[in-house]
Amino acid sequence: MDFNHDGGGVRVGYYDPFDLYGKFSEELSKKLPLTNLHWKESKDKQLKSIDVLRLTFVQDIPNSSSTSSSIDFSDEQNDQFYHNLILQSQNNNVPYVQVMLIKCLNMDDYKSKVRPLIREWLKQKITGNIIPTGWLLVLVADGSIDEEPTVFNKSTNVYNKIKLDFEESHCIKLKAEYKSTLEYNENWNSLITSFKLTLLDSFTERLKLYKKQLQSLDKRKIINPIFKIVLQESTAKIFQDMTLYTESLIEYDKLLKKFNKLVHDKILEVPTGLESPDMDWGSFINNKLFHANLNLEKLLFDKKLTKFQFYCYNFLKQSSLLISLSTTASSPTFRTLHIIELLRRLRIFTSNLLNLCDNNLELISQVSEFNFIIIDEYLQNEAVLKTIQYNLGKPEIQKHAELLEFIGELKLCQREQLIKIGEYFNYKIEGVIADVDLHNDNISNKHDESSQQKLFQVTYAPLVEPLRSQSNFEDKFVELTQQVVENFNMANIRPRSIDILSTEIAMVFYNNGLYEKASNILSSCFQFYKLQGWDYISCHLLKIYIECLEKIVNENDHPDSNSERDEAGEVGKTHTLLCSYLDLLSTKSCTSREISLLANKITKLSSSLKESDAGLIYPLETLFDFKINKFIESEDVNIYNLKVTLTSHFKFKTPDLKVNSISLELINMQDPDESIILKNSDIQALSVGQNSNKFKLTTTEIIEDDFKLSKLVVSIGKLNLHKDFSKDNERVKLFPVISTAPSEKNKHPKNNFWCDLSIPSKRYLNDDSMLLTINNGDSALNDLNIQFWCGNTSSNLELVETKTTCFSKTDNGKSIDIESCKDDDGNIVFNIKNGIAENEVLEVYVPYLINPVPGSNDDENQYVLKIKAKLKYKQNGQCHQYHFKKDIDTSLSIAVTVQDIFKSCTLFSNFSIGTSDSKLPIKIIDVDFHSSSSDSNYNISTCSNSLLKKSDNMIAYGEQPAKFFYKIEKKDDNFDKEDETFLLTIKYRDLKDEALYIIKDEFKKMIEDHEKDNHSYNFRKFALKSVTLFENLLSIRLNLYSIEQLIRIDNNLNQLVDSILRKFFEWHDGGAKNGGDQEDEKFVQEFAQILLNFFKKFSIKNGYQVSILEKEKYFESLNKILKINVPVPLVRIIHKLEFKILQTRSHYIVGEPIQLELYINSTTSWSGKPPLEPLISKDDESSISPPIAEIKSPNPGLKPGASAMSGSVSPSVSSVPSSPVLQQKQQNRTVSDGDSSDLYHNDMSTSTIDLNAVNEKIDKKIDNIKKKKKVMFESTSKNRKKNKQSCLSFEIDLQISDNWLISGKKKFLYKVTPSAFSSNKHNFELEEPVNLILIPLKIGKIPLPKIDIRLLNEDEDRDEDEEAGDKPEGEEEIEHDLGDEFTMEIDYKNNFETLTIVSELDKINFEF
Amino acid sequence: MSSKIYFVSLISKDNRPLYIQHFFPYESLDNSIDRQIDEETGVESENPVDKKKSVSEDDETSTVQDYLAKQEGIENDLSLLDGKSSSNELLKYNFLSHMALDIFESPFYDSEENTNKNLLFIQDGIAVYGYATSTGFKVVLGSSAKENISDVLYPLFRQIHRTYIKLISNPFYQQYQLEDKTGNKNGGLDEGGIDNLKFSESIKRIVTDWNSS
């Protein structure tokens, strides 16, 4: 097609009656084209520049036969006026400027010849036209008339005369010859300027006329519509002539709009032109100049114009303008912009043409072909191609993407045309967006037409081949689609369109049976749309994808299919298909029919997977909502269950999926390696329809701990619907349920197997053991294995397996055999082989030792053992497990101290029994102190028990311990029981336990009363758990209880109830609070009120008066017994010192001497040694050896610490005889709370048994002993040297005081030798008493002088000056000289005895 | 107005479809196979708009299996693709609405400039018009490409927009929407489609009035 402007320039008419044009044009052509014109339509309009304006000169000779004279100018409203106006403008014959070239010889010549010619010319060509025309008179002057006018004769100048006759502005004079170039240029420039001005005036005037007339026409209703169109087009043409293409384009748009409006309003009736038999498509397509040469006015007036022609004409005009704009654009961007606009208009143009077709398939096909061709034509246009190529090379250009987008759009349009032509030939691509135009209902009978002869034949060569067959058609479709995608891709734009087009290509593959190719494209499409929320599209594509996969899988299953197929790939496809079914099901937009189909297909496919195939995992939550009841329940004996509800997203009745199993895995929050799987392996139906599916998942293992949900798996064949909870951290508290819930199977609750771990109520100090109480439920079991672990970080638990015992509580305490062995990890496993009968209760006492871990955390409470027990048993051949953990507080609430006092040969032990926690008073029920041996060497007597029996309310408060005094006498001095110990047995009760017992008892009564009215298992479940929860929360006024038997609690009741419920929900998972059903919430509220009402009974305001008749019996179960082995206190020697006054009087006079005798008796009967083996060499040797021997030869299975501990506190454990020295040390350790350094500085005979600290202290001491071991060997050798002496020497020293003058031996040696012992072998005394004379220096009751006794060794003998130190009389002294082992007691008979001294006047003065 | 509106799509700011409704000419021909099955099985339709139509007159107790058994004799079609119904049309409108997003997101699209030039593109005889608010909410309309009605569509867009604003201004609606039927909190209006009978009726009325004018 010729897109160039046909005119070639602005028409200028010339009239050359004097044959001047030749030379004139020769000169003028040098000055053309006109440049730099500036035009303003009116004052208020923008100034526009015309860079270049070409002129075309045409000879226009006035014709005397012109019709101009007949035109009526006066009535512009006349149709004839418009008709004439159009006629004049019709052929573009009216030049914008008329030029008349004249020459005159002289004035006469002008007047006679030239002037009439000018006037006639003006009349015919200028004033006679409706259309305004500019004009110029160009006088070409030769030398004869080239005279300057004079002042006196102005008229003599011809040029002046012309100017006078006509308007000066229209007259120009040219010279034949110029004197200078300057003159020449000046003259010609003046001419060009006049040309420009005249031209621009002409444009302005014409536009003014047309616009005025168009406005006038718009106001007139009854007028020939052709006028509007023609005038509008003329306006556009003026702009086009002015090279103002943009303005022209706008006018053409107005023209199109006007045309459409006139046609729409049916003012202008124009046929489409497509159905006409005269329609020559070939001319449209092949005759490229046809459209350019179309004469719109003529066709209009001849009434031959068709819509098709008009659209083509208009578009071609516009396209030529746009191409002109593009070629004249100042920059590549503007050039591209115009081409883009051209392509955009082309797209609309093709659409407009199609709209002309009126649903006639044949016409549609013809127009489509035309559109196809015209798009090709334009895309191959030189200007377009140049722009495309330029842009392709420079993607950084801003409009690059837009250009490519529109090229893609046109390709898309071509594809659309192809589909429409294809429809005519019954070629179709199903399932694509460009499927049948659903709204063109009138496109009917196309199938009928297919049987008829085709009237339309494709002639465009590139379309002929694609329309030969469906296959070719599809190939062309794909090719065009790919081109579109390519363009959009290059433009990096329209991603969604690219996706849709890609799916269309996939659809073609699918229709052609290329399922693999189609599935490859579609595999991610539906996910893409789903993620963007376009579920409907996603769902549809998924269905197609499924169809593809089904076809592929079916092909593979076919026996004729290639046997060498890839099995892995096949399984992969099957998995993908199964996944796709589930994906489709999860879209929630399936119909009931689809759900039914899918359910069947899923069941069938999942069951068809081979055993060897890997399972398929699919997220459960996409198909089902699920609710896991996190409160563990038990409906069968020793079988625990959680309920899971799966609810489908759908609301249809559908077939069920057959579920093979459902399992729920729980993982211990503390120990990720520990897990429990609850499972239901019965094949059940899982409805994907509207019903909720309830499943009960069971386990035979119960582990008491905090668990979190790990995964829920619903297995359907090899398909696993899987829910991973790893990110959710949803907690489940597992704990044993004591009784089963009523169910259809078991209407009455049954008891489950459950255990408890505690410290036995009867315990021996430092002989620790745990009590495992096993309560068997309503089912016999056997082969019970028990294992223990300790969770303490600061200490290791060591079980003393040999002493573990088991008794049947229900069978009169029958002993049951326990075997122990070690498992692979070295842990001790206790095994009870015997079967355990229904409801049998066993008590297993498990002795243990605690070994501290070096460098462990000291902050940990060492008295709390974190014990975990794992019990395995078999019930009906099925393995069950029961794990529980418990923190056992091994501390004692009781504290015992003992004070030993020796008087002569009698020991007085004063036991002080109090509470270890001042806030928790205890009630002492009974105390017994006796020898552990039946053939005891001691007599023990007391009066304390009588007091205890009299009072039934012996309560030890924090600072008020109870005292129990015992007198211990030796039966004789023959010492034949070295290891005899005393056993202190204390029976006591914690007052808190009593109070809690009463509260719990009341609570249980309340539960029972409530259950009578409401048979609610739920209530019982809450209530029983609450009991264990509130016992640590209550703050009971125990002192008040102990005094007034009134129980009051200090707690704020609302806060207390809140705390109980909060703790409960920690167990329960908060199900009732969060996401629980309303029934649960209501129940919780009711239960809170019940709790509140219950605790009100114990509030500060009310208080609960305890009225129990037989208290002891009532609280018997709370009684605790503590047994302490108390070793006999050992002293190497006891000295008895006594002054005897020879002359006793009631009073003595100051200054008068008093004679006294000092008697010293000593005994070794409390030394723990046989007589005649008193004190020396062998003892010293043995005094060191026992600990060494103990360390070196510990009992098998016992550690040094254990043996030392046992040796000191529980001799029965240690088989090593304790030496007196060691015994003393051990006694000190046992009864003293202090460090080793304190042992010898503090009052030896007053010791405190801090029962809780004993173990720790002993361990420390053992460590010290170990550390000292080497030193002790050394000291032993020294001692041996020292103890070569045959006797012990004591230094007796009478203290000098201000009260007395002492005459006699103040300081003397007192030697104890074996020969000095008396016949009983343990006692000896001074052979002669020491005589002393005392002279009182003061009056009053003066105490007798103090005496110090010090043990001397050889060194000490030489060192006389050593200070004995001031020690009060009557207090024991401990000698350090012979090392740590030597102990002695001094019994001052005259202690605190005074003598009354009076003045010389023998008077007694009393001062007040 | 000769050009009828074929479909209306409301699209959220994050380009998720909120509401797609088609009007012409298949609106009245809403007797798809699914509906047939629903009626025969006595199961209520998922679409609340269709609920009143889905009540079956007889054979409420028959099941899907029965239905399938009946069908089996006639056709052994186990394909999930059931093609030539209004669903195909709805799919096409979904595609067109989705494609329209490309134009909205195009750097060459100027919503202000296009206030009265709403034609986004023409595809397969359907002119797709668009209207985007400053908040990113979009309305897409489809009409016949035979007539460019972009100049007169603005009031219609405004009406639809106003109806949408009315809907989201309703605090009760938002409450309902935040927690959908499955109990999942989907976090806002833009996450899920509009499933509101009153809104649907309003849109239908607006478009029907337009089509009949």
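The figures here come from the full heavy-atom set of this structure, side chains too, leaving out hydrogens, waters and symmetry mates. Chain A is the first sequence line, chain B the second, and so forth, proteins listed ahead of strands; every chain is numbered from 1.
- Contact of B:S144 with chain A is not made at all, since no heavy-atom distance falls under 4.5 Å.
- Using a 3.5 Å distance cut-off with no hydrogens or angles, the side chains of A:Y581 and A:N600 do not pair a donor with an acceptor.
- Going from atom CD1 of A:I493 over to atom CD of A:E405 covers 4.0 Å, rounded to the nearest 0.5 Å.
- Only the side chain of A:Y529 comes within contact range of chain B, judged by heavy atoms closer than 4.5 Å.
- Neither the backbone nor the side chain of A:L353 comes within contact range of chain B, judged by heavy atoms closer than 4.5 Å.
- Electrostatic pairing of B:E201 and B:K204 does not count as a salt bridge here, judged by no charged N lying under 4.0 Å from a carboxylate O.
- Between the side chain of A:R347 and the backbone N or O of B:F121 there is no donor-acceptor pair closer than 3.5 Å.
- By the 4.0 Å N-to-carboxylate-O rule, B:K138 lies too far from B:E105 to be salt-bridged with it.
- Residue contact with chain B, scored on non-hydrogen atoms closer than 4.5 Å, involves the backbone and the side chain of A:S497 alike.
- Of the listed residues (A:L412, A:L542, A:I498), the one with the most heavy-atom contacts under 4.5 Å to chain B is A:L412.
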